[in-house]
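To start, the structure itself, in structure tokens.
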Amino acid sequence: MRLSLVSLAALSAALFAVPAFAQEHGHDHGDHGHQHHDHGHAHDDHGHDHGDHGHDHGDHAHTDDADQQPGGLRLTAEAAGELAAGQDATLTLQLSGPDGAPVAGSDFAPTHGRLVHVLIVDEGLEDFHHLHIEPDAEGRATLSFTPAHPRIYRVWVDGQLSEPLDSPAATEGHSHGGGHDHAHDPQADDHHAGHGEDAHAHDAGAVRATDWVRVGDEAAPYIIPADILTAQAGGLSFTLAPQASIRAGMANVMTLSVADAEGAPVTALQPHLGAFAHIVGFNAGASQMAHAHPSGAEPVTDEAFAGPDLTFEIGFDEPGVHRLFVEVRHQGEVILSSFTVVVRE
């Protein structure tokens, strides 16, 4: 018996109708008050129940093990009031080290023109935001973004410390005042996140951490595990070409090609934050992140140009479906495109 593509799609949807990442979140931001003796991240059942999806944010099994995140950085993201899709959301981010001491902006070395990169995405991997912060002396910073969906959003910070957190020089420089008693680790469930990505992620001072905030109770949509390697955005066409099968635990080489609306190669890609492209990848649910930039020399002036092909290496910790968000700048406009890749063992 022959099945049409529509029938196959319906059968696939029926078989995989239970998304692994549609979660019962239970993320209590009700009364934080920035009391870091007790953050109020009571990851119990907050009524964020998506039926029988089986993935529960209500019990992260947090530990206080500094080795759970690369570099030992910890992040707490707290919302100012109740968040809603389509409305400006204000978040306060608190960065701290494995001993609970604040990690300030002065502890970071700039990477691609910024101290700390903030990557925010909904767990359905449809709404991506790339922002930047400069934490104050207490490791705090405030930012705003407009979420598009009433879902759980993952907040990631990515940066490079002047001194690794686990080094004596870095530890001695942190104040232990203010009662920063981190009784839990918001990153414990993501201890594999962020390995094997861009070149600076291998440096001793590279740090990355994540937390999440609730915008609404909508379940994240199921992401079909199929490669989608072309995209159109900002009047340009993008093609992603992996050099080999994409596999977990290794550096995967890919080439991004850019063409205009007529199919002519684009050779005038402009620098954006010190690189010709920024590539950020997430697994389903966004509990893991990869961050990469094109190989070769980075631009040293704003008058530099690149294209149509950009090659980069990116690593993924575990197999499964991932979405890659790619930012380029063309004719003064930052253009965001996205791709879906299936990572194999």
Side-chain angles (χ1 to χ4, degrees), residues 27-29 32-43 57 59-78 91-111 114-119 133-141 154-198 200-213 286-291 315 317-318:
H27 192 54
D28 184 1
H29 281 291
H32 293 293
H34 291 288
Q35 298 299 313
H36 290 277
H37 296 282
D38 182 2
H39 287 298
H41 286 262
H43 293 271
H57 254 292
D59 184 7
H60 281 315
H62 293 313
T63 69
D64 198 33
D65 185 351
D67 292 332
Q68 294 295 333
Q69 270 295 316
L73 186 69
R74 296 176 181 177
L75 167 68
T76 300
E78 303 190 14
L91 305 181
T92 296
L93 307 186
Q94 171 71 56
L95 301 183
S96 59
D99 57 356
V103 178
S106 58
D107 295 317
F108 286 88
T111 56
R114 299 292 187 273
L115 286 180
V116 180
H117 296 259
V118 181
L119 300 314
I133 58 171
E134 296 187 9
D136 64 16
E138 291 300 314
R140 294 190 185 95
R154 277 280 182 177
V155 181
W156 282 87
V157 293
D158 191 14
Q160 180 80 25
L161 291 173
S162 301
E163 294 284 346
L165 286 174
D166 57 358
S167 73
T171 304
E172 291 170 4
H174 291 298
S175 166
H176 293 272
H180 293 281
D181 179 12
H182 286 255
H184 77 284
D185 180 357
Q187 284 71 249
D189 58 323
D190 303 311
H191 62 277
H192 291 295
H195 296 280
E197 288 84 359
D198 59 343
H200 88 260
H202 296 285
D203 297 338
V207 287
R208 185 168 291 168
T210 185
D211 199 3
W212 46 270
V213 294
S287 63
Q288 297 177 22
M289 186 187 81
H291 191 176
D317 284 334
E318 296 180 0

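Note that the numbering runs from 1 along the sequence shown for the chain.
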Can you name the side chain to side chain contact (heavy atoms under 4.5 Å, CB included) partners of L119, sequence neighbours left out?
-> H117, F128, H130, W156, D158, V280, F282, M289
Are side-chain heavy atoms of L161 and V103 found at a separation under 4.5 Å?
-> yes
Quick one: does L93's side chain get under 4.5 Å of T76's, heavy atoms only?
-> no
If every non-hydrogen atom of Q94 is compared with every non-hydrogen atom of R140, which pair is closest and at what distance?
-> OE1-CG, 2.9 Å
Rounded distance (nearest 0.5 Å) linking atom CG of L75 with atom OG of S96 = 8.5 Å
Starting at CG of L95, measure out to CZ of R74 and round the result to the nearest 0.5 Å.
-> 12.5 Å
Of the non-hydrogen atoms in R154 and S287, which two are nearest, and what is the gap between them?
-> NH2-CB, 3.9 Å
Looking only at non-hydrogen atoms, find the nearest pair between L165 and G97 and report the distance.
-> CD1-CA, 4.1 Å
Nearest heavy atoms of L115 and F108, plus distance in Å | CD2-O, 3.7 Å
Closest heavy-atom pair, D107 versus P102, reported as atoms and distance to 0.1 Å, is OD2-O, 4.3 Å
